[in-house]
Amino acid sequence: MTDGRSWEGNWKVRLYERIRDRGYDSLTSFAEARPTASLAALAKELGPDDIAGVQVYSGLLAEAERRKQVTRLVRSLLVRELWACLPKGWPAVRDDANRFKVAKALGLWSSLIPTTHEKRVEQARAALRATPPPPGWRPLGPDDALLLTLLPDEEA
């Protein structure tokens with residue numbers, strides 16, 4: 001969590017300076033080198049006191065839109081939420097506690113989705129609930145076979 005300084009000055013310039021200082025040419029390449037890290041963790045790595053997760057998200061979305069790779073970003077955001085909410089992978093037991101963890105992951109993911117992809121994400125969520133992945137499933141990145149089935153790369 002930042003102390004409020006993340007919005008001071010030109011945060012976009014600051015964000016991209018930090019990316020370049022770490023040897024990356026884009027925020028996307030920085031994030032893809034850490035495919036399971038949350039947006040908050042990425043922000044903390046870039047500047048624990050003056051970069052916020054929402055700023056990382058904003059930059060990633062802008063880059064994805066320019067590259068016409070929004071669907072890939074959507075998949076990567078799901079990976080990040082699954083790792084944060086289901087650290088042991090997809091639960092084997094469908095009890096109330098595990099249903100809550102799954103709902104939390106899917107709900108947080110859904111809150112990040114651009115309007116262009118809302119319908120497809122709704123369908124993906126329904127598919128995950130109707131036919132859950134195998135117990136322990138944790139995608140390692142946006143190119144996971146199951147994720148590609150749920151959200152293929154065609155842009156919406």
Side-chain angles (χ1 to χ4, degrees), residues 1-2 6-48 50-87 89-90 101-134 136-156:
M1 190 67 95
T2 67
S6 56
W7 299 104
E8 291 178 5
N10 191 332
W11 64 267
K12 289 181 183 180
V13 169
R14 182 171 56 247
L15 177 66
Y16 281 94
E17 284 175 351
R18 305 273 172 82
I19 294 299
R20 283 189 299 279
D21 289 347
R22 284 160 178 77
Y24 294 92
D25 62 350
S26 70
L27 185 55
T28 300
S29 60
F30 171 80
E32 285 187 352
R34 298 147 183 80
T36 61
S38 69
L39 294 173
L42 294 173
K44 186 175 181 177
E45 185 176 342
L46 291 169
D50 62 357
I51 300 289
V54 67
Q55 293 167 326
V56 173
Y57 170 75
S58 176
L60 288 171
L61 180 58
E63 288 182 12
E65 287 172 340
R66 280 193 303 273
R67 295 176 176 174
K68 301 199 182 314
Q69 293 183 333
V70 175
T71 303
R72 181 178 174 78
L73 173 63
V74 167
R75 289 193 311 266
S76 77
L77 293 170
L78 177 56
V79 170
R80 295 174 195 289
E81 293 304 334
L82 289 173
W83 275 74
C85 296
L86 302 172
W90 200 268
K101 290 176 187 175
V102 168
K104 180 180 176 185
L106 296 179
L108 290 169
W109 174 51
S110 298
S111 71
L112 297 170
I113 302 308
T115 56
T116 56
H117 285 65
E118 286 175 348
K119 182 81 170 155
R120 294 177 69 197
V121 165
E122 185 178 313
Q123 293 166 344
R125 281 193 330 252
L128 286 169
R129 286 189 195 107
T131 309
W137 174 75
R138 275 195 321 176
L140 299 175
D143 296 324
D144 177 84
L146 176 58
L147 294 182
L148 286 167
T149 301
L150 292 170
L151 291 161
D153 275 327
E154 57 190 274
E155 287 302 318

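These numbers come from a predicted model, not from an experiment.
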Exam field: side chain S29 to backbone S26, donor-acceptor pair closer than 3.5 Å: yes
Minimum-distance pair of heavy atoms, taken over all atoms of A43 and A52: CB-C, 3.5 Å
Distance, nearest 0.5 Å, that separates CG of D153 from NZ of K68: 14.0 Å
Atom pair CZ/CD of R125 and Q123 - distance to nearest 0.5 Å: 10.5 Å
Short side-chain to backbone donor-acceptor contact, E63 and T28, under 3.5 Å: yes
Side-chain touch P35/L140, heavy atoms, less than 4.5 angstrom: no
Heavy-atom closest pair, residues W90 and P134: CB-O, 3.7 Å
Contact summary for L27 and L60, nearest pair of heavy atoms: CD2-N, 3.6 Å
Point-to-point distance, once rounded to the nearest 0.5 Å, from NZ of K104 to CD of E81: 9.0 Å
Side chain Y57, main chain L39, donor-acceptor under 3.5 Å: no
Cation-pi geometry met for R138 and W83 (6.0 Å, 45°): yes
Separation of W137 CH2 from D144 CG (nearest 0.5 Å): 5.5 Å
Short side-chain to backbone donor-acceptor contact, S110 and L106, under 3.5 Å: yes
Distance-only side-chain donor-acceptor flag, R80 / T36, under 3.5 Å: no
Test item: T71 and R120 side chains (from C-beta on) under 4.5 Å apart, heavy atoms: yes
L61 side chain reached by P114 side chain, heavy atoms, under 4.5 Å: yes
cation_pi(R18, Y16) dist<6.0 Å, angle<=45: no
Min side-chain heavy-atom separation I19-D25 under 4.5 Å: no
Point-to-point distance, once rounded to the nearest 0.5 Å, from CG of L151 to OG of S76: 11.0 Å
V74: which of L112, T116, L150, I113 passes side-chain contact (heavy atoms from CB on, under 4.5 Å): I113
Interatomic spacing from CH2 in W109 to CG in L82 - rounded to 0.5 Å: 8.5 Å
Positive for side-chain contact (heavy atoms from CB on, under 4.5 Å) with L46, one of E17, R14, R22: R22
Donor-acceptor under 3.5 Å (Q55 side chain, L15 main chain): no
For the student: nearest non-hydrogen atoms of P142 and V79, plus distance: N-CG2, 4.1 Å
R72 side chain reached by E32 side chain, heavy atoms, under 4.5 Å: yes
G141 backbone acceptor or donor facing R75 side chain under 3.5 Å: no
Backbone of D50 reached by a side-chain donor or acceptor of W11 within 3.5 Å: no
